[in-house]
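All remarks here apply to the structure that follows.
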Amino acid sequence: QVQLVESGGGLVQAGGSLRLSCAASGSIFSINAMGWYRQAPGRQRDLVAVDIASGGTIDYADSVKGRFTISRDNAKNTVYLQMNNLKPEDTAVYYCAAVEVVTTDGGEADYWGQGTQVTVST
């Protein structure tokens, strides 16, 4: 069984910064992609940033380019999201995702974290 545990959310004023962390644990052999999604009330869950190992690709939503940075520590199966110059429209629940996780028994699946609230005040 694989679990994703997120941390780092909270309340911040507009223009401030937060750093989210997500650690994957369990019988993990490899993880192809790790990334962050967010969901505001009444809206769909949207991709924020993703780091894809196969192809060495990093991609961001247009709304966060230049403000957010995703990084990954493969040795720790951990992904981070540094969020700078936060805006009220960044307020949402942020979810970590691990895609194409291969476990030591040969299984493969995708996993989600429980979500962490980010609130940006004016």
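The chain is numbered in sequence order, starting from 1.
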Residues I28, V2; criterion side-chain contact (heavy atoms from CB on, under 4.5 Å); working and verdict: CA-CA 7 Å; I28 298 169; V2 174; 3.9 Å; yes
side-chain contact (heavy atoms from CB on, under 4.5 Å) assessment of V50 paired with W36: CA-CA 6 Å; V50 64; W36 295 91; over 6 Å; no
Do I58 and F68 sit in the same hydrophobic cluster, where Ile, Leu, Val, Met, Phe, Trp and Tyr count as joined when their side-chain heavy atoms come under 4.5 Å apart? yes
Evaluation steps, side-chain contact (heavy atoms from CB on, under 4.5 Å), between V118 and L20: CA-CA 9 Å; V118 172; L20 305 183; 4.1 Å; yes
May I ask you to decide if E89's main-chain N or O and T91's side chain share a donor-acceptor pair within less than 3.5 Å? no
Hydrophobic cluster membership, with links at side-chain heavy-atom distances under 4.5 Å among I/L/V/M/F/W/Y: are V12 and V64 in one? yes
Among the clusters formed by ILVMFWY side chains lying less than 4.5 Å apart, do V5 and Y111 turn up in the same one? no
Note: I70 and G35 closest approach over all heavy atoms is CD1-CA, 4.0 Å
Between Q117 and T119, does the side-chain hydrogen bond (donor to acceptor under 3.5 Å, both in side chains) criterion hold? Intermediate values first, please. CA-CA 6 Å; Q117 177 70 44; T119 302; 3.3 Å; yes
Can you name the nearest heavy-atom pair linking Q39 to R45, along with the distance? OE1-NE, 3.5 Å
Under 3.5 Å: donor-acceptor pair, side chain of R72, backbone of N77: no
Contacts of Y37 that satisfy ring pair (Phe, Tyr, Trp, His ring centres under 6.0 Å) - sequence neighbours left out: W112
Please round to the nearest 0.5 Å and tell me the distance separating atom OG of S7 and atom CZ of R19. 9.0 Å
Fellow cluster residues of V102, listed by chain then number, with links counted only when side-chain atoms sit under 4.5 Å apart: F29
Point-to-point distance, once rounded to the nearest 0.5 Å, from OG of S71 to CG of D51: 8.5 Å
Pairs in or reaching into residues 95-105: which pass side-chain hydrogen bond (donor to acceptor under 3.5 Å, both in side chains), with residues at least two apart or in two chains? N32-E100, T103-D105
Please give me the minimum heavy-atom distance between A98 and I31, naming the atom from each residue. CB-CG2, 4.1 Å
Nearest heavy-atom contact between Y60 and T69 is OH-CA, 3.4 Å
Sequence neighbours left out, cut at 3.5 Å: what donor-acceptor pairs do the side chains of residues 79-87 make with other protein atoms?
unit_1: Q82; atom_1: NE2; unit_2: N84; atom_2: OD1; d: 2.9
unit_1: N84; atom_1: OD1; unit_2: S17; atom_2: OG; d: 2.9

Show me the pairs that pass disulfide (SG to SG under 2.5 Å) and involve residues 30-72, at least two apart or across chains. none
With distance as the sole criterion, is a donor-acceptor pair present between the side chains of S63 and R38 under 3.5 Å? yes
Above 12 or not: heavy atoms from other molecules or residues under 6.0 Å from CD of Q3? no
Nearest heavy atoms of A92 and A40, plus distance in Å: CB-N, 3.8 Å
What residue pairs, at least two apart or across chains, pass disulfide (SG to SG under 2.5 Å) with a residue in residues 17-122? C22-C96
